[in-house]
Novice: 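Below you will find the structure I want to go over with you.
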Number of protein chains: 2
Amino acid sequence: MRVSELSQATGVPVPTIKYYLREGLLPRGETTTSPNQASYSDEHVTRLRLIRSLLDVGGLSVATVRDVLAAVDDPDTSLHDVLGRAVGTVTATGADADDEHHARARTRLAGLIDDRGWHVSPHAPAREAAVAALATIYRLGLENLDSLADVYAGAAEQVAEADLGSVVQVADRDRRVQTALVGTVVGDALFAALRRMAQEHTSAKHFPPAQDPEQR
Amino acid sequence: MRVSELSQATGVPVPTIKYYLREGLLPRGETTTSPNQASYSDEHVTRLRLIRSLLDVGGLSVATVRDVLAAVDDPDTSLHDVLGRAVGTVTATGADADDEHHARARTRLAGLIDDRGWHVSPHAPAREAAVAALATIYRLGLENLDSLADVYAGAAEQVAEADLGSVVQVADRDRRVQTALVGTVVGDALFAALRRMAQEHTSAKHFPPAQDPEQR
DNA sequence: GGGGAGTAGACAGCTCCGCTATCCGATAGC
DNA sequence: GCTATCGGATAGCGGAGCTGTCTACTCCCC
């Protein structure tokens, strides 16, 4: 399969494919016969689709996708590390992370993790992300959102159990990692959308719309 | 309060504040005495902090923040519409949304909503977002992730109930809208982080780490 | 075996986004 | 008056994510 066929099979323009090759998201095709005649396999098609999913639906950056996929390709990398890199995008604020609100958020999260009996690495990037979110709530003075964290944690636990259940079904290592990756990244988007719909439903249930005014 | 004090109170550089004024994220200060001597109030401080939260933690674009805040300021806009605009960021793919996978995803989502008894507007942007996420799963052939949607929907329902509970506590209209907005946008980030931690915990529970090899 | 289409690879350029820097005339406070 | 600062406008900058162009080569069809 040549690059134009790869393009046609995935809908990704040829120059973009070349760009991904350059950036190391997509491995080079096998250049068997001559140095300017590479051939691509079905794995390239799969990989390219995965890349577009992570970029478009998952909202990851090209650099993050590169790192995540490098981790996927390395058989020594644990599944947990792969996901850690995937979440690294949103995090990495780093700056001014040392005011009173952060301190409070850190304490709150530690208590929450303790209550739940969770075992979470102290260096997990998700910790910083959660602290940043909580600190934002405190900084804006929205105290009554604080209690939501407990509900979220319970729901997150259910979701995570289901996630793991789906992942362990998969025997093949590469496919399992891919399942976990997509489940996590695309799952975020799916859950957020479902949450929005559930909010609309719940809101309508408690405040019955008179006759759906269709105002805007 | 002049612009330099506003800057000092929020940590946002003066040129950036001017940029937000230009873009209409932040209302102009009152220009009482002379045309080049505006004064800013505490509301500007609050607003500016909100803007930074939506940009940094929520990951919204400047244009989206502008639209969302315009909706917040318009007393005729329903809370539901404000949130609809907030989610509009991730959505808006629009292109090539008509293959077999999308059709299947649409059917699946309709069934899920029906099973749950949800009442969701047919034009809700969250619908398209959810369809896009499901279609991605199908396109990648990760069939065993399909069943997760039901678990997610259940968890989303719990989260949404709690969200609404927090929002209805707030009496003041403006503050209530702001609570809902931040709760939704920052809540997405918080939930995602908690989910990641719960995944780590669940994974460790089912596959006890030998002695925490600390490999990478 | 000649010719046109296609290819790998390199490199420059383009558009958009989120700021940032500079300038201007006016004003505030001393 | 004098200087620092202000509001407002305009231009520029740096990174991200492609896109376009060029060159040397090779494939396939005639």
Side-chain angles (χ1 to χ4, degrees), chain A residues 1-41 44 48 51-69 88-90 92-96, chain B residues 1-41 44 48 50-69 88-90 92-93 95-96:
Chain A
M1 185 185 298
R2 303 195 281 293
V3 73
S4 61
E5 301 173 76
L6 181 57
S7 169
Q8 205 145 18
T10 58
V12 179
V14 172
T16 303
I17 294 176
K18 290 187 172 188
Y19 168 65
Y20 293 157
L21 289 169
R22 262 200 318 280
E23 293 297 314
L25 306 204
L26 195 64
R28 302 266 176 203
E30 298 222 353
T31 169
T32 52
T33 62
S34 71
N36 71 336
Q37 211 65 11
S39 79
Y40 302 92
S41 66
H44 286 89
L48 193 44
I51 290 168
R52 292 311 290 234
S53 299
L54 296 178
L55 290 176
D56 295 344
V57 182
L60 303 191
S61 71
V62 168
T64 303
V65 172
R66 188 212 299 107
D67 293 349
V68 168
L69 291 184
T89 303
V90 188
T93 48
D96 75 321
Chain B
M1 187 185 298
R2 311 220 194 297
V3 73
S4 61
E5 300 174 75
L6 181 58
S7 168
Q8 206 145 16
T10 58
V12 179
V14 172
T16 304
I17 293 175
K18 289 187 172 187
Y19 168 65
Y20 293 156
L21 288 169
R22 263 199 317 279
E23 294 297 314
L25 305 203
L26 194 62
R28 300 269 177 198
E30 297 221 353
T31 170
T32 52
T33 62
S34 71
N36 71 335
Q37 211 66 6
S39 80
Y40 301 93
S41 66
H44 286 89
L48 193 45
L50 175 60
I51 290 169
R52 292 310 289 237
S53 300
L54 295 179
L55 289 176
D56 295 344
V57 182
L60 304 191
S61 70
V62 168
T64 303
V65 172
R66 181 190 34 262
D67 294 348
V68 168
L69 291 184
T89 303
V90 188
T93 49
D96 75 321

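Small disclaimer: the values here were computed from a predicted structure and weren't measured. These numbers come from the heavy atoms of this one structure, side chains and all, not from hydrogens, waters or symmetry mates. Numbers restart at 1 for each chain; the letters A, B, ... are given by sequence-line order, proteins then strands.
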Novice: Rounded to the nearest angstrom, tell me the gap between atom CZ in A:Arg66 and atom P in D:dC18.
Specialist: 13 Å
Novice: Thinking salt bridges, do B:Arg2 and B:Glu5 make one under a 4.0 Å N-O criterion?
Specialist: no
Novice: Can you name the nearest heavy-atom pair linking B:Glu23 to B:Arg66, along with the distance?
Specialist: O-CD, 3.1 Å
Novice: What is the nucleic acid contact for A:Ser4, judged by heavy atoms within less than 4.0 Å: base, sugar-phosphate only, or nothing?
Specialist: sugar-phosphate
Novice: Output all residues satisfying side-chain hydrogen bond (donor to acceptor under 3.5 Å, both in side chains) with B:Thr31, sequence neighbours left out; order by chain, then residue number.
Specialist: none
Novice: Which pair of non-hydrogen atoms, one from A:Pro27 and one from A:Leu21, has the smallest distance, and what is that distance?
Specialist: O-CD2, 3.4 Å
Novice: Output all residues satisfying ring pair (Phe, Tyr, Trp, His ring centres under 6.0 Å) with A:Tyr20, sequence neighbours left out; order by chain, then residue number.
Specialist: none
Novice: Send over the distance from A:Glu5 CD to D:dC28 P, rounded to a whole Å.
Specialist: 11 Å
Novice: How long is the line joining CG of A:Leu6 and C1' of C:dA8, in whole Å?
Specialist: 14 Å
Novice: How would nucleotides 18-29 of chain C be written as a contact map, 5' to 3', with B for base contact, S for sugar-phosphate-only contact and - for no contact, using protein heavy atoms under 4.0 Å?
Specialist: BBB----BBSSS
Novice: Quickly, which of B:Thr64, B:Val62, B:Leu60 forms a side-chain contact (heavy atoms from CB on, under 4.5 Å) with B:Leu54? Name it, please.
Specialist: B:Leu60
Novice: Could you tell me the separation between the CD1 atom of B:Ile17 and the C1' atom of D:dG8, rounded to a whole number of Å?
Specialist: 15 Å
Novice: Establish, with yes or no, whether the OP1 or OP2 oxygen of D:dG7 is under 4.0 angstrom from a side-chain nitrogen or oxygen of B:Tyr40.
Specialist: yes
Novice: What is the distance, rounded to the nearest whole Å, between atom CD of B:Glu30 and atom P of D:dC6?
Specialist: 18 Å
Novice: Separation of B:Leu26 atom CG from D:dG8 atom C1', in whole Å?
Specialist: 15 Å
